[in-house]
Amino acid sequence: MTTENTVTVSGTLHLIKSDPSSPGKQKKYLHFSVRQDTPKTDGSVRKDFLLARVYDPTLQESFKELEEGAKVLVRGDVRSSLGSGEMYINVQEIEKLA
């Protein structure tokens, strides 16, 4: 049995936590959310926040240049955190959109 586990999402950067050495428990990753605003049939907008983590040190460095609210395209795979079971995108590529 072969399993495909890839995801590509776009939206705006939200709640960037770009310093893995901040006070408290040392993290091996940077985390943020991708905010998506989806129009609903009644004219209102649903706001979804997709959790994401960046483990690759090289990608972490280039990620630090991005700002809150930047439009991005994120590619990776979906993972579940051990213990909490919280789902997140394991970021393998991030691209700033115009």
Side-chain angles (χ1 to χ4, degrees):
M1 182 172 130
T2 304
T3 303
E4 180 72 25
N5 180 17
T6 59
V7 63
T8 302
V9 298
S10 62
T12 56
L13 287 180
H14 182 69
L15 291 178
I16 301 170
K17 305 290 185 190
S18 63
D19 187 4
S21 62
S22 61
K25 185 177 177 184
Q26 180 86 11
K27 302 272 186 187
K28 296 178 184 175
Y29 58 85
L30 304 178
H31 61 280
F32 63 96
S33 294
V34 177
R35 177 181 163 172
Q36 293 184 321
D37 296 334
T38 307
K40 295 172 28 177
T41 56
D42 66 1
S44 63
V45 175
R46 175 185 170 93
K47 292 175 176 48
D48 292 308
F49 299 90
L50 308 173
L51 302 177
R53 295 180 181 177
V54 180
Y55 285 92
D56 181 335
T58 305
L59 192 54
Q60 286 180 6
E61 281 304 311
S62 63
F63 180 80
K64 289 179 181 180
E65 297 173 14
L66 299 172
E67 297 177 358
E68 180 89 13
K71 294 182 188 288
V72 293
L73 180 73
V74 175
R75 291 184 182 92
D77 54 12
V78 177
R79 300 276 176 97
S80 176
S81 181
L82 290 176
S84 72
E86 182 177 72
M87 301 291 285
Y88 65 92
I89 301 167
N90 176 38
V91 179
Q92 297 165 348
E93 185 180 336
I94 188 164
E95 176 185 339
K96 186 174 180 179
L97 300 174

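One-based numbering along the sequence shown. These values consider heavy atoms only, across backbone and side chains, with no hydrogens, waters or symmetry-generated copies.
Residues satisfying the side chain to side chain contact (heavy atoms under 4.5 Å, CB included) criterion with S80, sequence neighbours excluded, are M87. In this structure, the side chain to side chain contact (heavy atoms under 4.5 Å, CB included) partners of E86, at least two apart in sequence or on a different chain, are L51, R53, S81, S84. With sequence neighbours excluded, the residues satisfying side chain to side chain contact (heavy atoms under 4.5 Å, CB included) with E61 are K64. Checked against side chain to side chain contact (heavy atoms under 4.5 Å, CB included), N90 has the following partners two or more places apart in sequence or in another chain: Y55, D77, R79, Y88, Q92. For the salt bridge (Lys or Arg N to Asp or Glu O under 4.0 Å) test, residues two or more places apart in sequence or in another chain that qualify with E93 are R75.
Judged purely by atom type and a 3.5 angstrom limit, E68 uses its side chain to pair as donor or acceptor with the backbone of L15.
Residues L73 make up the rest of the hydrophobic cluster containing L97, defined by ILVMFWY side-chain heavy atoms closer than 4.5 Å, directly or through other members.
Between I89 and G76, the shortest heavy-atom contact is CG2-CA, 4.3 Å. The heavy-atom pair separating V9 from V7 by the smallest distance is CG1-CG2, 3.7 Å.
Separation of atoms CG (L13) and CZ (F63) is listed at 5.0 Å; rounding is to 0.5 Å.
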Show, in sequence, the C-alpha distance, side-chain angles and deciding distance for F32 and V54, and conclude whether the side chain to side chain contact (heavy atoms under 4.5 Å, CB included) test is met.
CA-CA 9 Å; F32 63 96; V54 180; 3.7 Å; yes
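For E67, the CD atom is loosely surrounded, since the number of other residues' heavy atoms within 6.0 Å does not exceed 12.
Taken together through direct or relayed side-chain contacts under 4.5 Å among Ile, Leu, Val, Met, Phe, Trp and Tyr, F49 and V72 form parts of separate hydrophobic clusters.
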If you look only at distance, which donor and acceptor atoms sit under 3.5 Å apart when one is on a side chain in residues 36-43 and the other is two or more places apart or in another chain?
from, atom 1, to, atom 2, distance (Å)
Q36, NE2, S10, O, 2.9
D37, OD1, R35, NE, 3.0
D37, OD1, R35, NH2, 3.4
D42, OD1, S44, N, 2.9
D42, OD1, S44, OG, 2.5
D42, OD2, S44, OG, 3.4

